[in-house]
Amino acid sequence: NAGVTQTPKFRILKIGQSMTLQCTQDMNHNYMYWYRQDPGMGLKLIYYSVGAGITDKGEVPNGYNVSRSTTEDFPLRLELAAPSQTSVYFCASSQGAVGNTIYFGEGSWLTVV
Amino acid sequence: TQLLEQSPQFLSIQEGENLTVYCNSSSVFSSLQWYRQEPGEGPVLLVTVVTGGEVKKLKRLTFQFGDARKDSSLHITAAQPGDTGLYLCAGPDNYGQNFVFGPGTRLSVLP
């Protein structure tokens, strides 16, 4: 059971470049999330989705975009990368938020130079 | 806005010692969860507590949910180096769509 799969694992971007972090889950979960975790810190919600075709902003959405065309996939797009976007990004999914487990991917380490 | 606070922020102890970490809020949560994140990995669920006053045990880990469902604690008995990691508490937001995460307690158990 693969769970939540993120790619790439590591990436170095130059300032101003764009990229997409891919995320897919095979648990048929309706809810999907993107978090960032800065060194030594907790998790901050970037965007979330409660189902295909529905997305909404989290705590720190500026500089990012998402789409949810299928239940399985929830890619995160970084436009015009900035050094402040250097972080570890986690994709996650759950069946719901109340009483349900949130399953995380292994993380994507992004450095913007 | 629902917030979860965790204390202490950092904890470094020797193998074999006992410890307790706390998760507190001014808001009532329908449930609270504890996750552990090991270096280089994503968080993994340890436990979910649902009922006020509930106590759950997972080997050397004991979790308690406060009677008023505003706080929770995690007690580790005879800590081992394998317990090292970031401990996060989390609960559902008022809309039931997102998880509210605390900032975490970073535990280091030295051999």
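Below, chain A is the first sequence line, B the second, and so on; all start at residue 1.
Within residues 51-89 of chain A, no residue has any heavy atom closer than 4.5 Å to a heavy atom of chain B. Scanning residues 105-113 of chain A against chain B with a 4.5 Å heavy-atom cutoff picks out A:Gly105, A:Glu106, A:Trp109, ordered by number. For residues 75-93 of chain B, a heavy-atom distance under 4.5 Å to chain A picks out B:Leu86, B:Leu88, B:Pro92, given by residue number.
A:Tyr103 pairs by the ring pair (Phe, Tyr, Trp, His ring centres under 6.0 Å) definition with A:His29, not counting sequence neighbours.
If you measure heavy-atom distances from B:Gln37 to chain A, the contacts under 4.5 Å come from the side chain alone. Of the two parts of B:Pro43, the backbone and the side chain both hold a non-hydrogen atom closer than 4.5 Å to a non-hydrogen atom of chain A. Of the atoms belonging to B:Tyr35, it is side-chain heavy atoms, and not backbone ones, that fall under 4.5 Å from chain A.
Both B:Leu58 and B:Val21 sit in one connected hydrophobic cluster of ILVMFWY residues. Membership requires side-chain heavy atoms under 4.5 Å apart, directly or through other members. Cluster annotation: A:Phe90 is not connected to A:Leu13 through the hydrophobic network of ILVMFWY side chains, with a link wherever side-chain heavy atoms come within less than 4.5 Å. Each of B:Val50 and B:Val100 belongs to its own hydrophobic cluster when Ile, Leu, Val, Met, Phe, Trp and Tyr are linked at side-chain heavy-atom distances under 4.5 angstrom. The cluster map of Ile, Leu, Val, Met, Phe, Trp and Tyr, joined by side-chain heavy atoms under 4.5 Å apart, puts B:Leu45 and B:Phe65 in different clusters. Under the 4.5 Å side-chain contact rule for hydrophobic residues, B:Leu32 and B:Tyr22 do not share a cluster.
In this structure the side chain of B:Phe99 never reaches within 4.5 angstrom of the side chain of A:Tyr31, judged on heavy atoms. Side-chain contact check for A:Ile102 versus B:Phe101: some heavy-atom pair is nearer than 4.5 Å. Residues A:Phe104 and B:Val44 are not in side-chain contact: their nearest non-hydrogen atoms beyond the backbone lie 4.5 Å or more apart.
In plain terms, the two heavy atoms of A:Asn100 and B:Gln33 that are nearest each other are O-NE2, 2.7 Å.
Considering CE of A:Met41 and CD of B:Gln9, their distance stands at 7.5 Å, rounded to 0.5 Å. In this structure, CG in B:Asn98 is found 9.0 Å from OG in A:Ser94, a value given to the nearest 0.5 Å.
Heavy atoms from other residues, nucleotides or ligands lying under 6.0 Å from NZ of A:Lys9 number more than 12. Within 6.0 Å of CZ on A:Phe10 lie more than 12 heavy atoms contributed by other residues, nucleotides or ligands. Residue B:Lys56 qualifies as enclosed at atom NZ: its count of foreign heavy atoms under 6.0 Å is above 12. Counting heavy-atom neighbours within 6.0 Å of A:Ile12 CD1, excluding the residue itself, gives a total of 12 or less. For B:Gln2, the CD atom sits in a packed shell: over 12 heavy atoms of surrounding residues, nucleotides or ligands are nearer than 6.0 Å.
The choice from B:Ser31, B:Gly40, B:Ser30 that makes the most heavy-atom pairs within less than 4.5 Å of chain A is B:Gly40.
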